[in-house]
Student: 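Please see the structure below; I have some questions.
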2 protein chains.
Amino acid sequence: MVSCFTEKHENIKLKLANSEEYIGGVESASKIFAMLGEPVRMKIILALMEGELCVYHICEITGGKQSAISQHLRKLKDSHIVKARKDGNQVLYSIADDHIFSIVKTALEHSKCL
Amino acid sequence: MVSCFTEKHENIKLKLANSEEYIGGVESASKIFAMLGEPVRMKIILALMEGELCVYHICEITGGKQSAISQHLRKLKDSHIVKARKDGNQVLYSIADDHIFSIVKTALEHSKCL
DNA sequence: CCCCTATATTAGCGTTTACTAATATTTAGT
DNA sequence: ACTAAATATTAGTAAACGCTAATATAGGGG
């Protein structure tokens with residue numbers, strides 16, 4: 001084993017190391033997955049895919065407490081998965097961009113079969 | 001606020017609650033994301049997308065220790081993201097099915113822009 | 001100006017997670 | 001059978017995470 005680390009393997013290693021260039025970097029790519037990898041946040045995303053929602057409604061829909069939801073929303077916003085806009089008293093959240101839609105939809109289409 | 005929980009919102013709530021039917025359930029869907037949400041596991045997946053690899057090579061490519069990698073591989077296998085086959089002395093890992101390919105590829109295509 | 005509603009923030013706590021180091025298991029070659 | 005290589009497992013530990021409860025901030029209406 002020790003000896004058969006071929007050039008092919010070396011190339012894969014380099015490709016990963018230089019992943020900044022062909023992805024936004026392994027770290028940042030997996031960060032997005034980590035955000036979706038929490039059931040409550042997943043529910044939030046699924047709810048927001050139906051349209052813009054205020055915090056209160058997100059709490060109702062997901063059954064989560066206000067504080068917990070608010071913290072999840074902050075993380076999702078920091079990760080640019082979700083965006084917020086103020087409307088008087090309240091804050092309306094929505095999916096940040098179409099990329100998130102594609103990612104989640106693809107995953108959902110396939111997750112039935114996993 | 002308290003009062004304006006419309007039928008639309010109720011429907012979203014129900015849809016989430018019955019998510020078993022239109023996805024494999026929020027829990028199981030987000031579990032897959034959680035698996036990909038760990039940088040080391042992400043590297044493993046990216047490496048395996050280039051082809052079948054034995055544990056030793058995965059360690060070399062990712063720069064991880066044997067024990068840690070082995071534990072990640074077990075989790076990935078338990079989640080049916082990866083499959084293993086024995087070849088004499090060693091164990092060769094590969095991506096379990098095409099769904100994983102689609103999910104990861106879609107995510108990577110878009111993650112550049114996040 | 002005060003109060004109420006909507007949202008955000010903070011601190012503390014228990015759980016989960018990923019790592020390391022050590023050990024066990026399995027297989028190949030001699 | 002013995003030894004060495006490849007992989008798996010286990011126990012212990014430190015860090016990360018998500019939750020709750022309490023508190024803070026900000027805006028709107030009387």
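In what follows, chains are A, B, ... by sequence order, proteins preceding strands, each numbered from 1.
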Student: C/dC19 C1' sits how many Å from B/K43 NZ, rounded?
Tutor: 14 Å
Student: What pairs of residues pass the ring pair (Phe, Tyr, Trp, His ring centres under 6.0 Å) test when at least one of them lies in residues 32-54 of chain A, not counting sequence neighbours?
Tutor: A/F33-B/F33
Student: Just jot down the side chain to side chain contact (heavy atoms under 4.5 Å, CB included) partners of B/Q71, sequence neighbours excluded, or say none.
Tutor: B/S67
Student: Spell out protein contact along nucleotides 21-30 of chain C as letters: B when the base is contacted, S when just the sugar-phosphate is, - when no protein heavy atom is under 4.0 Å; keep the 5' to 3' order.
Tutor: B----SBS--
Student: Write down the distance between CZ (A/R85) and P (D/dG27), rounded to a whole number of angstrom.
Tutor: 16 Å
Student: Across the strands shown, which category fits A/K77 at heavy-atom distances under 4.0 angstrom: base, sugar-phosphate, nothing?
Tutor: nothing
Student: Between D/dG18, C/dT9, D/dT10, which nucleotide gets closest to the side-chain atoms of A/E38?
Tutor: D/dG18
Student: Which whole-number value in Å describes the distance from A/K75 NZ to D/dG18 C1'?
Tutor: 7 Å
Student: Please give, in whole Å, the distance from D/dA16 P to A/E27 CD?
Tutor: 13 Å
Student: C/dT16 C1' sits how many Å from B/H72 NE2, rounded?
Tutor: 14 Å
Student: With sequence neighbours left out, what residues match B/H9 under ring pair (Phe, Tyr, Trp, His ring centres under 6.0 Å)?
Tutor: A/H57, B/F5
Student: Pick the closest DNA chain D nucleotide for A/I69 and for B/R74 by heavy atoms, then say which residue is nearer the 5' end.
Tutor: B/R74
Student: Can you sort out the partners of A/K31 under side chain to side chain contact (heavy atoms under 4.5 Å, CB included), two or more places apart, ordered by chain and number?
Tutor: none
Student: In whole angstrom, what separates B/L76's CG from C/dA18's C1'?
Tutor: 13 Å
Student: Return each pair, listed once, that meets salt bridge (Lys or Arg N to Asp or Glu O under 4.0 Å) where at least one residue sits in residues 67-94 of chain B; pairs must be two or more places apart or across chains.
Tutor: B/E52-B/R85
Student: Find out if a path of hydrophobic residues (ILVMFWY) with successive side-chain heavy-atom gaps under 4.5 Å connects B/F101 to B/Y93.
Tutor: yes
Student: C/dT17 P sits how many Å from B/F33 CZ, rounded?
Tutor: 17 Å
Student: Looking at D/dA8, I'd like to know if its phosphate oxygens (OP1 or OP2) sit under 4.0 Å from a side-chain N or O belonging to B/Y93.
Tutor: yes
Student: side-chain contact (heavy atoms from CB on, under 4.5 Å) between A/I44 and A/I69: does it pass, once the steps are laid out?
Tutor: CA-CA 8 Å; A/I44 294 176; A/I69 298 299; 4.2 Å; yes
Student: Starting from C1' on D/dA16, measure out to CZ on A/R41 and report it in whole angstrom.
Tutor: 12 Å
Student: Looking at the side chain of A/V40, which of D/dT10, C/dA18, D/dC19 is the nearest nucleotide?
Tutor: D/dC19
